[in-house]
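Atom set for the values below is all heavy atoms of this structure, side chains included, hydrogens, waters and symmetry mates excluded. So that the names make sense, note that chain A is the first sequence line, chain B the second, and so on, each numbered from 1. Quick caveat: nothing in here was measured; it's all calculated off a predicted structure.
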There are 2 protein chains.
Amino acid sequence: MQTEHYNAYSFLLERTARRVKQYAQYQFNCGEFGITVDQWSILKKLRQHTDLSQKELAEHCGKDQPTLTRIVDLLVRKNLVERRANPADRRSFVVHLTLQGKQKIDTLAGNISEIRMQAWKNLDQTDFEHLKRILNTIYDNLEIK
Amino acid sequence: MQTEHYNAYSFLLERTARRVKQYAQYQFNCGEFGITVDQWSILKKLRQHTDLSQKELAEHCGKDQPTLTRIVDLLVRKNLVERRANPADRRSFVVHLTLQGKQKIDTLAGNISEIRMQAWKNLDQTDFEHLKRILNTIYDNLEIK
DNA sequence: CCACTATATTTGTCACACTAATTATTGTTA
DNA sequence: TAACAATAATTAGTGTGACAAATATAGTGG
């Protein structure tokens with residue numbers, strides 16, 4: 001690899017990630033979904049693994065704990081989730097989807113899949129495999145001891 | 001492409017972009033570089049194209065104008081750049097590297113190249129070409145009209 | 001020249017990332 | 001059991017990103 005690349009990839013990566021998020025948020029706003037993209041990622045994870053602790057939820061979603069605390073605050077304020085005492089550990093809560101939260105997910109899931117699909121025009125399965133492999137390699141290369 | 005992918009790529013992309021930035025910032029902090037990763041990207045662009053207006057600088061760096069205003073504020077406070085009147089247009093400034101700014105860039109450029117290189121362990125030129133092509137395709141697919 | 005529109009920058013607000021510090025609780029070990 | 005370290009969650013502070021609105025100046029068409 002020549003040196004000039006080492007500066008380009010971070011720019012491309014950040015720029016693309018930002019656009020992916022911005023595009024999705026724009027569509028969320030147009031459709032008046034009433035949540036942010038990051039809030040959606042939490043809801044969706046809860047639909048798969050119900051009643052996770054905040055720490056577990058943060059790990060699954062790739063967020064840090066302070067960020068997760070605040071996202072959960074916002075979701076609680078919107079009555080989409082609630083904090084429930086964790087009987088096994090009084091330091092922690094489990095985050096529980098409300099009925100309203102489940103309904104929100106079921107209502108939006110189809111729309112959001114379509115929004116996400118838009119990125120893959122002109123790309124195929126092989127491209128996805130490449131992207132996944134390269135991104136995961138970079139991710140592993142940069143672990144902080 | 002099957003549907004499950006359409007939700008995975010955004011997670012991978014954001015996660016990787018975040019780690020790239022976090023890793024670089026961590027190394028910046030360890031080395032007491034005294035700037036953030038985003039501030040560095042502005043300085044480096046100014047080293048290539050001197051005295052850009054804030055609007056031009058924002059475009060080159062892929063930042064929006066309010067964000068750029070604030071980053072320039074921080075760089076001014078650190079005496080690394082200064083705002084100079086644009087004789088051609090009194091609405092705008094040109095951002096000018098101070099001597100101190102130039103010295104900072106020259107001092108850090110080598111270290112930062114090395115930090116950036118770390119991401120490419122176990123990857124080659126072809127991987128870079130794939131990544132560039134795929135990210136740029138996604139970027140173009142998601143333009144907001 | 002005047003009104004109108006467009007542009008460059010700034011400010012404000014909300015959301016999120018990262019770090020460090022704090023609080024409450026748990027686990028461990030002397 | 002009492003001191004100690006580890007952990008879950010929170011809070012605070014700074015930086016950045018997106019969007020909207022405000023201000024000042026520039027350009028344009030009548």
Item to check | Ring centre gap for A:Trp40 and A:Phe33 strictly below 6.0 Å | outcome: no

Checklist entry - Rounding to a whole Å, what distance do you find between B:Arg19:CZ and C:dA17:C1'? => result 14 Å

Item to check | Aromatic ring pairing A:His49/A:His60, orientation class (parallel under 30°, perpendicular over 60°, tilted between) | outcome: tilted

Next on the checklist: Closest-nucleotide mapping onto DNA chain D: is B:Gly62 or B:Arg77 further toward the 5' terminus? I mean the 5' end.
Outcome noted: B:Arg77

Checklist entry - Taking only N and O in the side chain of A:Lys55, is any of them less than 4.0 Å away from OP1 or OP2 of D:dT7? => result no

Checklist entry - For B:Ile35, does its backbone N or O pair with a side-chain atom of B:Lys104 as donor and acceptor, under 3.5 Å? => result no

Checklist entry - For D:dA18, does OP1 or OP2 lie under 4.0 Å from any side-chain N or O of A:Arg18? => result yes

Item to check | Heavy-atom donor-acceptor pair, B:Arg70 side-chain to D:dT16 base, under 3.5 Å | outcome: no

Checklist entry - D:dT16 P sits how many Å from B:Lys21 NZ, rounded? => result 7 Å

Checklist entry - When you look at B:Asp89 and B:Lys55, which way does the salt bridge (Lys or Arg N to Asp or Glu O under 4.0 Å) test go after all the steps? => result CA-CA 12 Å; B:Asp89 186 340; B:Lys55 181 179 173 53; over 6 Å; no

Checklist entry - So, is B:Ser53 close to the C:dA8 phosphate, meaning a side-chain N or O under 4.0 Å from OP1 or OP2? => result no

Item to check | Touch class at under 4.0 angstrom, heavy-atom based, for B:Ser92 against every strand present | outcome: sugar-phosphate

Checklist entry - A:Leu52 CG to D:dA8 C1': how many Å, rounded? => result 14 Å

Item to check | Audit row: B:Arg84, B:Glu82, salt bridge (Lys or Arg N to Asp or Glu O under 4.0 Å) steps and yes/no | outcome: CA-CA 6 Å; B:Arg84 291 189 171 176; B:Glu82 54 190 23; 2.9 Å; yes

Checklist entry - Taking only N and O in the side chain of B:Thr67, is any of them less than 4.0 Å away from OP1 or OP2 of D:dT16? => result no

Item to check | Steps toward side chain to side chain donor-acceptor pair (under 3.5 Å) verdict (B:Gln125, B:Glu129) | outcome: CA-CA 6 Å; B:Gln125 180 70 33; B:Glu129 297 301 334; 2.9 Å; yes

Next on the checklist: Can you see if the side chain of B:Lys63 gets near the phosphate of D:dT16 - specifically, an N or O under 4.0 Å from OP1 or OP2?
Outcome noted: no

Item to check | Value in whole Å for how far the C1' atom of C:dT9 lies from CD of B:Glu56 | outcome: 14 Å

Item to check | Euclidean distance, atom CG of residue B:Asn86 to atom C1' of C:dT7 [Å, nearest integer] | outcome: 13 Å

Item to check | Whole-Å gap separating P (C:dT7) and CZ (B:Phe93) | outcome: 20 Å

Item to check | Phosphate OP1/OP2 of D:dT14: any B:Thr36 side-chain N/O under 4.0 Å | outcome: no

Checklist entry - More than 12 foreign heavy atoms under 6.0 Å from CD of B:Glu143: is that the case here? => result no

Item to check | Protein-nucleotide distance (A:Phe28, atom CZ; C:dC14, atom C1'), rounded to Å | outcome: 17 Å

Item to check | Touch class at under 4.0 angstrom, heavy-atom based, for B:Leu68 against every strand present | outcome: nothing

Next on the checklist: Using a 4.0 Å heavy-atom cut-off, does B:Leu74 contact any base of the nucleic acid, only the sugar-phosphate backbone, or nothing at all?
Outcome noted: sugar-phosphate

Next on the checklist: I need the CG-C1' distance between B:Asp64 and C:dT7, as an integer number of Å.
Outcome noted: 16 Å

Item to check | Short side-chain N/O contact from A:Gln65 to OP1 or OP2 of C:dT19, under 4.0 Å | outcome: no

Checklist entry - Quick one: is B:Arg83 getting a side-chain N or O under 4.0 Å of the C:dT10 phosphate, OP1 or OP2? => result yes

Item to check | Quiz item: B:Arg91 side-chain donor-acceptor pair to C:dT7 base, under 3.5 Å | outcome: yes

Item to check | Residue whose closest nucleotide on DNA chain C lies nearer the 5' end, A:Arg90 versus A:Pro66 | outcome: A:Pro66

Checklist entry - Within less than 4.0 Å of OP1 or OP2 of C:dT19, is there a side-chain N or O belonging to B:Gln22? => result yes

Checklist entry - Taking only side-chain nitrogens and oxygens of B:Gln39, does any of them come within less than 4.0 Å of OP1 or OP2 of D:dT16? => result yes

Next on the checklist: Classify A:Asp89 by what it touches in the nucleic acid, base, sugar-phosphate, or nothing, heavy-atom distance under 4.0 Å.
Outcome noted: sugar-phosphate

Checklist entry - Any side-chain N or O of A:Arg15 less than 4.0 Å from the OP1 or OP2 oxygen of D:dG17? => result no

Item to check | Given DNA chain D, 5'-ward residue of the pair B:Ala88 and A:Asp73, judged by closest heavy atom | outcome: A:Asp73

